[in-house]
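Fair warning: this is a prediction, and the values are worked out from it, not measured in the lab. Proteins get letters first, then strands, A, B, ... in listed order; numbering begins at 1 in each.
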Protein chains: 2
Amino acid sequence: MIIVGEKINTSRKKIAEAVENRDADFIVQAAKDQAEAGASFIDVNAGTFVERETECLCWLVETVQAHIDLPLCLDSPDPAALSEAIKLHKGEPMINSISLERDRYDALLPVITSNPCHVVALCMTQTAMPTSVEDRVEAATELINKLIDKGVPIEKIYVDPLVQPVSVDVRMGPAILGAISKIMQGFPGVNTICGLSNVSFGLPHRSLINRNFLALAVANGLSAAIMDPTDKKLMSTIISVEMLLGRDEYCEKYIDAYQNGIFADQ
Amino acid sequence: MIIVGEKINTSRKKIAEAVENRDADFIVQAAKDQAEAGASFIDVNAGTFVERETECLCWLVETVQAHIDLPLCLDSPDPAALSEAIKLHKGEPMINSISLERDRYDALLPVITSNPCHVVALCMTQTAMPTSVEDRVEAATELINKLIDKGVPIEKIYVDPLVQPVSVDVRMGPAILGAISKIMQGFPGVNTICGLSNVSFGLPHRSLINRNFLALAVANGLSAAIMDPTDKKLMSTIISVEMLLGRDEYCEKYIDAYQNGIFADQ
């Protein structure tokens, strides 16, 4: 499981304050905590700064990478911000995200093809959010084929099926899970990725829903998640589900996690 | 989800004492608690009494049904004990269990065919425990076809894939889950049922494993479980997973469970 640590996002008040005050220590600690908890990428998002997003995103890239030897996930809908941030990034970042929306696609494609990188590909059509499995698979197919044509290796493409709340439409659960399964089967080597928390929007006890959704998504083939790796309940879910799916020979990872206190919250 | 409440089993010390002392109040309370928590059947098992099993099982049937208006799951490997208990049972019990083992099959078949009942059918071959998906599907196919031939309606057959510990062989997880999926797809209308706790035998934090196993099993089609319905973490798993699978229109059952305090332990 590839984990993208989601905590450095200025939609969180303390992170916004740290970015505003250029509090490098606070940001580096948030990155270190996630790296130690098992993140493969550290997400950096300065979206709330709007006019100053590029400047803040660049500061985050330099600040985190000065202390942490991990690639980052550069998280912005703005091709200009991504284009500047990628110049400063050491190693191969993940770019979050491209989609079939014409303006975004055209502006971002040169950034992606001129820098070795991983890329999150959203299952949006040119005009709308997806609803069914078919909507998602259709958008994914078009986007994967376009990116491969432009030379992006399939294993660096992370398809995001776009998680929508089951409280709005209970068919969203099977639509997302079904799309993950079909995309993983239809495109061997590709990755699927998603955030978790949207699924539980509007309902009580969201963490219960989020971790059960994660269990089902992993069982359907999800290979990456944008999540908080310091959330022991979520990590416990991944570790036990992977064991139950036969992916943890001799239950070694499970036993290691137990010895490291990951299951203490259970 | 059909829940068979598992708590009235003399392998539990307090239940054994209550049966020994004919403490009807204690047994009835254990049954009531499970009925209120959502059990559709109350399992009764007096297996530890060996020579006195028939007598104890019969006492349990009469004691529970004197106070609780639910069918029971008569749980014994002994056809003689089952044969006596079924005579006392009001309504259609569940019989746990038949298998292809020759002696058991021959002795139990007349009991099953002469009384309207639900029946648990174990995926054992005539000589061995199953290991692979194929072993299980093969045994299930033979047993389902035989029972249907004898007039047992398919929807009253509950195939138990036999849950074995992942600590012994990590391939057991996918073998059990794969068998549930294939049996449910191959025999529309049939039920699948299993106990949960064997899967985690020999590992720490068993309840974590058990409830994630339950989540995956339900997603693969499991329609019944032998479990403790007063375990709020297990019930929370079922309720949230069924919602995520699109089986809870308008999230009504989820909201009801929330309002009834089922998620309090989360």
Side-chain angles (χ1 to χ4, degrees), chain A residues 163 165-178 181 196 199-200 202-220 232-233 235-255 257-259 261-266, chain B residues 163 165-178 181 196 199-200 202-220 232-233 235-255 257-259 261-266:
Chain A
V163 173
V166 294
S167 61
V168 173
D169 184 344
V170 79
R171 292 169 301 178
M172 284 301 159
I176 299 159
L177 297 169
S181 176
L196 306 173
V199 78
S200 60
L203 290 167
H205 285 278
R206 296 184 62 177
S207 76
L208 168 68
I209 303 171
N210 296 348
R211 66 176 177 274
N212 279 298
F213 175 69
L214 180 59
L216 302 184
V218 170
N220 277 271
K232 290 184 177 181
K233 288 189 175 181
M235 291 302 277
S236 299
T237 299
I238 292 176
I239 292 160
S240 48
V241 165
E242 293 211 305
M243 179 176 72
L244 289 165
L245 295 171
R247 300 175 189 166
D248 180 10
E249 203 166 10
Y250 308 118
C251 308
E252 274 177 337
K253 289 180 199 161
Y254 185 87
I255 302 286
Y258 165 65
Q259 288 170 341
I262 305 297
F263 304 150
D265 291 353
Q266 301 297 324
Chain B
V163 173
V166 294
S167 60
V168 173
D169 184 343
V170 80
R171 291 169 301 179
M172 285 302 158
I176 299 159
L177 297 168
S181 176
L196 306 172
V199 77
S200 59
L203 291 167
H205 284 278
R206 295 183 64 177
S207 75
L208 168 68
I209 302 170
N210 296 348
R211 67 177 177 272
N212 279 297
F213 175 69
L214 180 59
L216 302 184
V218 171
N220 277 272
K232 290 185 176 179
K233 288 189 174 181
M235 291 302 278
S236 300
T237 299
I238 292 176
I239 291 160
S240 48
V241 165
E242 293 211 306
M243 180 178 70
L244 290 164
L245 294 171
R247 300 175 189 165
D248 180 11
E249 203 167 8
Y250 308 117
C251 308
E252 275 177 337
K253 290 181 199 162
Y254 185 88
I255 302 284
Y258 166 65
Q259 287 170 342
I262 305 296
F263 305 150
D265 291 352
Q266 301 298 323

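Rounding to the nearest 0.5 angstrom, the gap separating the CG atom in B/L177 from the CG atom in A/L244 is 7.0 Å. The distance from atom CG of B/L208 to atom OG of A/S240, rounded to the nearest 0.5 Å, is 4.0 Å.
Using a 4.5 Å cut-off between heavy atoms, A/I255 contacts chain B through its side chain alone, with no backbone atom that close. Within the 4.5 angstrom heavy-atom criterion, atoms from both the backbone and the side chain of A/I209 approach chain B. Proximity to chain A (any heavy atom under 4.5 Å) is restricted, for B/Y258, to the side chain, taken from C-beta onward.
The residue among B/Y250, B/F213, B/Y254 with the most heavy atom pairs within less than 4.5 Å of chain A is B/Y254. Listed options A/K233, A/E249, A/M172, A/M243 were ranked by heavy-atom pairs under 4.5 angstrom with chain B; first place goes to A/M243. Contact tally against chain A (heavy-atom pairs below 4.5 Å) for B/P204, B/G246, B/A215, B/C251: the top residue is B/P204.
Under the salt bridge (Lys or Arg N to Asp or Glu O under 4.0 Å) criterion, B/R206 pairs with no residue at all, not counting sequence neighbours. The side chain to side chain contact (heavy atoms under 4.5 Å, CB included) test applied to B/R247 returns B/V218, B/E242, B/L245, not counting sequence neighbours.
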